[in-house]
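Data block below; observations after.
Just so it is clear: chains get the letters A, B, ... in the order the sequence lines come, proteins before strands, and each one is counted from 1. The figures that follow rest on heavy atoms only: side chains count, while hydrogens, waters and symmetry mates do not.
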Amino acid sequence: MKEVPKKFDFTNSELKWQKFWEENRLYESHPIEGKKKYSVVIPPPNVTGILHFGHMLNNTIQDIYCRWKRMQGYEVCWVPGTDHAGIATQVMVEKELAKNGKTKYDLGREKFIELVWEWKKKNGGTIQRQLKKLGASVDWSRERFTFDEGLSLNVRKVFVDLYGKGLIYKGKRIVNWDPDSQTAVSDDEIFYQERKDKLYFIKYVLEGSDDFITIATTRPETMFGDTAVAVNPKDNRYKKFTGRKVHLPLTDRLIPVIEDDYVDMEFGTGALKITPAHDLNDFEVGQRHKLESVTVLTKDSLLNEHAGEFQGLKIDDARGKILARLKSEDLLVKVEDFVHNVAVSDRTKAVIEPYLSEQWFVSMKKLAGPAIDVVRNDKIKFYPERYKKVYFHWMENIRDWCISRQLWWGHQIPIWYHKQSGEIYCDVNPPSDTENWVQDEDVLDTWFSSWLWPLSVFGWENNENDRLNENLNYYYPTDFLSTAPEIIFLWVARMIMAGMEYKHEVPFREVYFHSTVRDGRGVKMSKTLGNYSDAIELMDKYGTDALRFTIIYLAPLGNDVLFDEEKTQIGRNFVTKLWNAGRFIMMMKEKNVFTDRLGDEIEEVDITEKWIQSRFNATLEEANRFLREYRLNDYAKTIYNFVWSEFCDWYIEFIKIDINNSPERSNAILDNAMKHYESILKVLHPVMPYVTEELWHLTGNDRDNRSISFEEFPVSDRGRIDERIETDVEKLKLLISAVRNLRTENGIEPSQKSHLYIAAPSDTKAMISKFENQILKLCNLEIFEFADKKLEGKQYASAVSGESEIYLLLNASLNTEKQSEKIAKEIDDLKRYLTTLEKKLSNESFLNKAATDVVEREKQKHAESKEKLNKLLRLNQNN
RNA sequence: GGGCGGUUAGCUCAGUUGGUUAGAGUGCUACGUUGACAUCGUAGAGGUCAUUGGUUCGAAUCCAUUACCGCCCACCA
């Protein structure tokens, strides 16, 4: 036994155990033949990232499962790593450059990439340090980066393979063009923002006539790319125009009027200008009608040569000038206010320009099939289950994946073009004759490396049958994936597709979609909104365990977490409570003067012991079940309630009394208490690794090199659950509360001893007698006796608790009015209750239709309440 | 526009096959610092279970409707 500090010094403790875990390489994993494994891959955070609340929650969840499984004897392997995060990282380094007035073009591609690597070396370790602080029991020897050599090889391998299978193609498509970073971004990397805009009504004059069609548009500047005007075939207003041609304003071009179902007759004028190069829907209309696509914008969103005199202008400038011209030519009919959604780049916040360009695509339909099946037949389980629906909907309507990005930081596409012949070469390695070939400039979407993550981190690049692949063979498929719901398509779905395509096996068996962390008002936490609490700061302030516990306690499966700094007190107070309980038991052992071990049979005879064992085993049953069912907040709550409301509030109070009354048994009692306490530490270790490790070492003398994280996780022994004893102790608690209540109400000083009479049926008497010492102490009585003596002539306050009537003897005169008022209210409530019961019991249909045990229960309730009512009525008379 | 989730005490949430006089934590109020813990203890107040209707002997629980909040998908010029 070591000396126990009065307070838990979490700052030093965290450093100490981080070091201990790392230096002893406790969480490094190796394939062990015949041993069951549990493997998890971390969702790789951006290499530029810092730990925010979402990470904290997500990694705590993973850590809980890894620690839990480790304590169950599994060979646990949790692989950490980071993502090179194409745009995010490139943008960050470009900003650095801009501070010195430079652009990436000043450096050139090669130098720029070198700079990013340097930047990564300098700033990239942050999130790893923060994960260590969080206590994440990952295997650091296995850390991976999506740009590592092996992982990059896998990326090329998959590209080449899919290209060979004809599943990768290059096509002219409308993509989401981010004019700031000058790259295409996927549909999943944009979001829509509501904007107030104008809707412009413009005349398109019919060829050889004064007649005209008015179209409505929000983007007049794209009119130079118009190649048709479309109307709905059912629209009689425009029948006379179809098949004819109209003058494209401000130009000398003529464009046809066509019919297409896509046009909404109700909207605007019912006539739509078609700009295939700058709108996805228009592009599709254009395909159907074999229209030409005219691009009118440059890559940085300036008008190009098709815009005539407006060439070189920015969109906004051009719009004003074009409108002025239209007005002067009397072609602008009117302008209306208009609210619509505008696509914005997730990374740069630039307004997305639908842009026709050459991009690489993966054809997804074929890959989706097997990935749908494995979720449908539960080879992969989703928690919460409802995400299955979301998944199916997306997968069944899957679109091709635009994988090319016009960036420099990323895996460059393994395609080479022959300088003379234009021949295409696709391979994991460059052509040997480098002189005559030039590589495709584009890089791949970051997710094109992330979707291989569960394969890549275990060395998939090595030959399948190679012994080097024992890692992949042992750890794949992984067992558990915990992730944010917003990347279900971006990442989860694609990993499933890759796993099925390349391993014919799921990449993981269970997926947990964790809560979104919001602030106290329910707004999603984000840096830009400023409602952001710094997770690391709070860990420093309250302790990592406190924060981990709080967030798990607050995060129910399938619901969001509303986090407020104030709430961290839940965890902090609990850590303190746990600490003090341990400190107390240890202090008692230290002080204990009895050296013999009388009363070793304590477990068999002592009702206190039997009770706590019963409660603890019931708690263990629940805790294990909740962990299995991914109900982490319930797991946290169950132990919290047990430790606080049963172990501390009652059990420790009971043993104080037991020891006081039979000090010769104190060794046995305290040993038992310590045994339970240590089990509590084990149950809590997955969620609070530091304080449990600290206490585990403090309570044991011989544990210098043993971590609690390899102790066996306690399981319930159902044979120890004793409902009879639990019921008795519940009654006892109620009795004690009732007496305390009487004392408080009658103004008896806490220090003042009092005298209690109890009237009860004989079996209850027997039960109460067993707890005589506890009742005396916990109610601060000098004496209690059964009320067969006459109470006449004595002043007392009275109450009914269960089957017992209790009479508390008073010295001072009693405030009888208050007493009878209270009892009267109790009588009232009870009478009302009895009425509802009687109504139910006199109801023929209830008696006939309800299950017999239900009827029995109601009858019993009735009898009990009736008896209690009689007792109360008697008390009231006596008063 | 389509889909999904939520609405229970001031706040955060339990309440999992319909059968409790609807619970917990936190906050609030009163009292308490004599040996684990004031980051504490004891006691107390506090709810028409969002609305309306239905099924049922019986509904917080099942069904339908409405309202509000949130999320996802699609995006209409």
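Here, B/rA45 and B/rU26 have their C1' atoms 15 Å apart, quoted to the whole Å. Taking atom P in both B/rA9 and B/rA14, the straight-line distance is 12 Å, to the nearest Å. Across B/rC4 and B/rA64, the matching P atoms stand 11 Å from one another, rounded to whole Å. Spacing of P atoms, B/rG18 relative to B/rU61, comes out at 11 Å, to the nearest Å. One C1' atom belongs to B/rC28, the other to B/rC68, and the distance between them is 28 Å to the nearest Å. A distance of about 25 Å separates the C1' atoms of B/rC71 and B/rC63, rounded to the whole Å. The P atoms of B/rA50 and B/rU56 are separated by 23 Å, rounded to the nearest whole Å.
Here B/rG23 sits opposite B/rC13 as a Watson-Crick or G-U wobble pair (both hydrogen-bonding atom distances under 3.5 Å). As the counterpart of B/rG5, B/rC69 is assigned, both hydrogen-bonding distances of the Watson-Crick or G-U wobble pattern falling under 3.5 Å. Using Watson-Crick or G-U wobble geometry with both donor-acceptor distances under 3.5 Å, B/rC37 finds no partner in any strand shown. In this entry B/rC75 has no Watson-Crick or G-U wobble partner, no candidate having both defining distances under 3.5 Å. The partner of B/rC62, taking Watson-Crick or G-U wobble pairs whose two distances both stay under 3.5 Å, is B/rG54.
Minimum atom distance to the side chain of A/Trp644 is reached by B/rC40, of the listed B/rU12, B/rC40, B/rU42. The side chain of A/Pro750 sits closest to B/rG32 out of B/rC37, B/rG19, B/rG32. Of the candidate nucleotides B/rU20, B/rA77, B/rC75, B/rA77 has the atom nearest to the side chain of A/Thr218. Closest approach to the A/Glu653 side chain among B/rC73, B/rA36, B/rU39 is made by B/rA36 (side chain taken as heavy atoms from C-beta onward). Here the nucleotide nearest the side chain of A/Arg583, chosen from B/rC57, B/rC73, B/rC37, is B/rC37. Taking only side-chain atoms of A/Arg572, from C-beta outward, the nucleotide of B/rU39, B/rA36, B/rC75 with the closest atom is B/rU39. Among the nucleotides B/rC57, B/rA77, B/rU12, the one closest to the side chain of A/Tyr262 is B/rA77. Which of B/rA36, B/rU42, B/rC76 sits closest to the side chain of A/Lys656 comes down to B/rA36. Among the nucleotides B/rU26, B/rU42, B/rC72, the one closest to any side-chain atom of A/Tyr640 is B/rU26. For A/Lys849, the side-chain atoms get nearest to B/rU56 when compared with the rest of B/rU56, B/rA77, B/rC4.
Contact of A/Lys273 with B/rA77 (side chain to base): no donor-acceptor pair of N or O atoms is detected under 3.5 Å.
Aromatic stacking of A/Phe846 on B/rC57: not satisfied for centres closer than 5.5 Å together with planes under 30 degrees.
Dashed line: the shortest gap from a side-chain N or O of A/Asn741 to OP1 or OP2 of B/rG44 is under 4.0 Å. Between A/Ser737 and the phosphate of B/rA43, there is a side-chain N or O to OP1/OP2 separation shorter than 4.0 Å. Between B/rC40 and A/Trp579, no contact under 4.0 Å exists linking OP1 or OP2 to a side-chain N or O. Contact check, A/Lys637 against B/rA24: no side-chain N or O comes under 4.0 Å of OP1 or OP2. Note on A/Asn641: every side-chain N or O is 4.0 Å or more away from OP1 and OP2 of B/rG25. In this model, the phosphate group of B/rC40 is approached by a side-chain N or O of A/Asn573 to a distance below 4.0 Å at OP1 or OP2. Taking only side-chain nitrogens and oxygens, A/Lys577 comes nearer than 4.0 Å to OP1 or OP2 of B/rG41.
Comparing A/Ala271 and A/Ala581, the nucleotide of RNA chain B nearest to each residue sits closer to the 5' end for A/Ala581.
Between A/Arg743 atom CZ and B/rG41 atom P there is a gap of 19 Å when expressed in whole angstrom units.
For the pair A/Arg743 (side chain) and A/Cys779 (backbone), a donor-acceptor distance under 3.5 Å is present.
Backbone-only contact: A/Asn281 has heavy atoms under 4.0 Å from sugar-phosphate atoms and none from a base. Using a 4.0 Å heavy-atom criterion, one finds that A/Leu830 contacts the bases of the nucleic acid, with or without backbone contacts as well. At a threshold of 4.0 angstrom between heavy atoms, the contacts of A/Arg399 are confined to the sugar-phosphate backbone, with no base atom among them. A/Lys7 comes within contact range of at least one nucleobase, with a heavy-atom separation under 4.0 Å.
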_Between A/Tyr204 and A/Asp226, is the side chain to side chain donor-acceptor pair (under 3.5 Å) condition met? List the steps._
CA-CA 11 Å; A/Tyr204 282 39; A/Asp226 291 1; 2.6 Å; yes
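Within the cation-pi definition used here (under 6.0 Å to the ring centroid, within 45° of the axis), A/Lys637 does not qualify as a partner of A/Phe642.
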